[in-house]
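Data first, discussion second: the structure below is written as structure tokens.
Atoms within a ligand are numbered from 1 in the order they appear, just like the ligands themselves. Computed from a predicted model, the values in this text were never measured in an experiment.
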Amino acid sequence: MKILAIETSCDETAAALVEDGAHILADIVASQVSIHSKYGGVVPELASRRHVEAILPVIEEALSKSGQTLYEVGAIAVTQGPGLIGSLLTGLAVAKSLAYVLNIPLVGVNHIYSHIEAIFLSPASPRDFPFIALVISGGHTVLFRVEDHTQMILLGRTRDDAAGEAFDKVAKFLGLGYPGGVIIDQLAKKGDPQAISFPRPFLENDSFDFSFSGLKTAVLQYVRHLKEGLTPALIGNIAASFQEAVVDTLLAKTMRAVKYHKLKQVVIVGGVACNSRLREKFKQAGQENEIAVFFPLPKLCTDNAAMVAAAGYHLLLKGQRANLGLNAYSRLAEAP
Ligand code: KG4
Ligand code: ZN
């Protein structure tokens, strides 16, 4: 079955055509970074307007790249939430219209769960279920025990900022640009991760929850109290030390969850899973603890519609169908 998927939860307008939930025929992402970068973050109203302009050309490009027409599409999958309501509604309106006109099944997909599906579109993926999944993106930091393609048990989540949000806010404060994760990743390569001792929040706690706002504030306070100005060398050290604190926290919690659940496989997904230091430290910890660590291809870590098609495929196999009343939700807790 060929599924056309649409993803508009945040600031990427994406469409993909995927066969049988596994073979990507086309995967198109139109980024809005140039629109939001001057504001240092996503401006919801601008994002919605851009989705309206971009969605049809992006779908047309996905169809033409795949060599398919709309009449070869067997079903439509669309991100339903969590995300920005105005952005989600654009994708939902187009998805519902196409499903209605073509008279084919429609399915609503949870954006966070779909990030996990990205691993099954990548060269290496877990052999079986269950496994632990860490979803780390600009909007979310969540640990799951994944029972199968459609069943996730929530183990812990951030109580304040998401990991990617912390990267973006620290980068904005240091005047480095947006989105901050990839910039800090690069600058940190020239810095010393041990130079500054930033806090590793929530590590003492038995819960699997995270908190990054205290770490973000610690970086801001450190910079505000500097006697000398920010030099490139100092920025490198701040970037490396901050990144190390984020990675250590994510790693410690995830490894604790893996051991607590006596599992041998862990999957790390979402935009922050592109981080080079994070990949290095997780792989090293995996080898030391005999745990298989899986990362999607970097382009499938950040928001895309191929992962939505994969997630939608498994929901359709289970018989799930949405009607034209399908509505958006903004937070994970509101998911149906
Ligand atoms: O998954 P994603 O594309 O969108 C959301 O669902 O939020 O993730 C975007 C986030 C941004 O916060 C960005 O700064 C972060 O992923 N990110 C990174 C890296 N590449 C992207 N964070 C750390 N290191 C990176 N290399
Ligand atoms: Zn995302």
Query raised in the report: Knowing that exactly one of T141, D161, V142, I136 qualifies, which makes a side chain to side chain contact (heavy atoms under 4.5 Å, CB included) with F210?
Result: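 Exactly one pass, corresponding to T141.
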**Report entry** Under 3.5 Å: donor-acceptor pair, side chain of D160, backbone of S211
**Finding:**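 No; judged by distance alone, with no hydrogens or angles, the pair does not exist.
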Report summary line: In D303, the N/O/S atom nearest the Zn ion (ligand 2) carries the name OD1
Query - Atom of L300, atom of A118 and distance for their closest heavy-atom approach - result: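 Closest approach of L300 to A118, heavy atoms only: O-CB, 3.3 Å.
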Query raised in the report: Minimum heavy-atom separation for S87 to A47, with atom names?
Result: OG-CB, 3.7 Å
Requested in this report: Using the ring pair (Phe, Tyr, Trp, His ring centres under 6.0 Å) rule, pick out the option among H23, H149, H115 that qualifies with F120.
Outcome: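 Only one option passes, and that is H149.
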Query - Sequence-distant partners of F173, ring pair (Phe, Tyr, Trp, His ring centres under 6.0 Å), two or more places apart - result: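 So F173 forms no ring pair (Phe, Tyr, Trp, His ring centres under 6.0 Å) with any residue.
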Query raised in the report: Can you give the angle H115 NE2 - the Zn ion (ligand 2) - H111 NE2, rounded to 10°?
Result: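 My answer is 100°, to the nearest 10°.
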Requested in this report: Check the angle between the aromatic planes of F167 and F242 and answer parallel, tilted or perpendicular using the 30° and 60° thresholds.
Outcome: perpendicular
Tabulate distances under 3.5 Å between N/O atoms of ligand 1 and N/O atoms of the protein, writing both atom names on each line.
{"from": "ligand 1", "atom 1": "1 (O)", "to": "H115", "atom 2": "NE2", "distance (Å)": "3.4"}
{"from": "ligand 1", "atom 1": "1 (O)", "to": "G271", "atom 2": "N", "distance (Å)": "3.0"}
{"from": "ligand 1", "atom 1": "1 (O)", "to": "D303", "atom 2": "OD1", "distance (Å)": "3.4"}
{"from": "ligand 1", "atom 1": "3 (O)", "to": "D303", "atom 2": "N", "distance (Å)": "3.0"}
{"from": "ligand 1", "atom 1": "4 (O)", "to": "D303", "atom 2": "OD1", "distance (Å)": "3.4"}
{"from": "ligand 1", "atom 1": "4 (O)", "to": "D303", "atom 2": "OD2", "distance (Å)": "3.2"}
{"from": "ligand 1", "atom 1": "6 (O)", "to": "H111", "atom 2": "NE2", "distance (Å)": "3.3"}
{"from": "ligand 1", "atom 1": "6 (O)", "to": "D303", "atom 2": "OD1", "distance (Å)": "3.1"}
{"from": "ligand 1", "atom 1": "6 (O)", "to": "D303", "atom 2": "OD2", "distance (Å)": "3.4"}
{"from": "ligand 1", "atom 1": "7 (O)", "to": "S137", "atom 2": "OG", "distance (Å)": "3.4"}
{"from": "ligand 1", "atom 1": "7 (O)", "to": "G138", "atom 2": "N", "distance (Å)": "2.8"}
{"from": "ligand 1", "atom 1": "7 (O)", "to": "G139", "atom 2": "N", "distance (Å)": "3.2"}
{"from": "ligand 1", "atom 1": "8 (O)", "to": "G138", "atom 2": "N", "distance (Å)": "3.4"}
{"from": "ligand 1", "atom 1": "12 (O)", "to": "G164", "atom 2": "O", "distance (Å)": "3.2"}
{"from": "ligand 1", "atom 1": "12 (O)", "to": "D168", "atom 2": "OD1", "distance (Å)": "3.4"}
{"from": "ligand 1", "atom 1": "12 (O)", "to": "D168", "atom 2": "OD2", "distance (Å)": "2.7"}
{"from": "ligand 1", "atom 1": "14 (O)", "to": "D168", "atom 2": "OD1", "distance (Å)": "2.7"}
{"from": "ligand 1", "atom 1": "14 (O)", "to": "G181", "atom 2": "N", "distance (Å)": "3.0"}
{"from": "ligand 1", "atom 1": "20 (N)", "to": "G271", "atom 2": "O", "distance (Å)": "3.4"}
{"from": "ligand 1", "atom 1": "24 (N)", "to": "G181", "atom 2": "O", "distance (Å)": "3.4"}
{"from": "ligand 1", "atom 1": "24 (N)", "to": "N275", "atom 2": "ND2", "distance (Å)": "3.0"}
{"from": "ligand 1", "atom 1": "26 (N)", "to": "D185", "atom 2": "OD2", "distance (Å)": "2.9"}

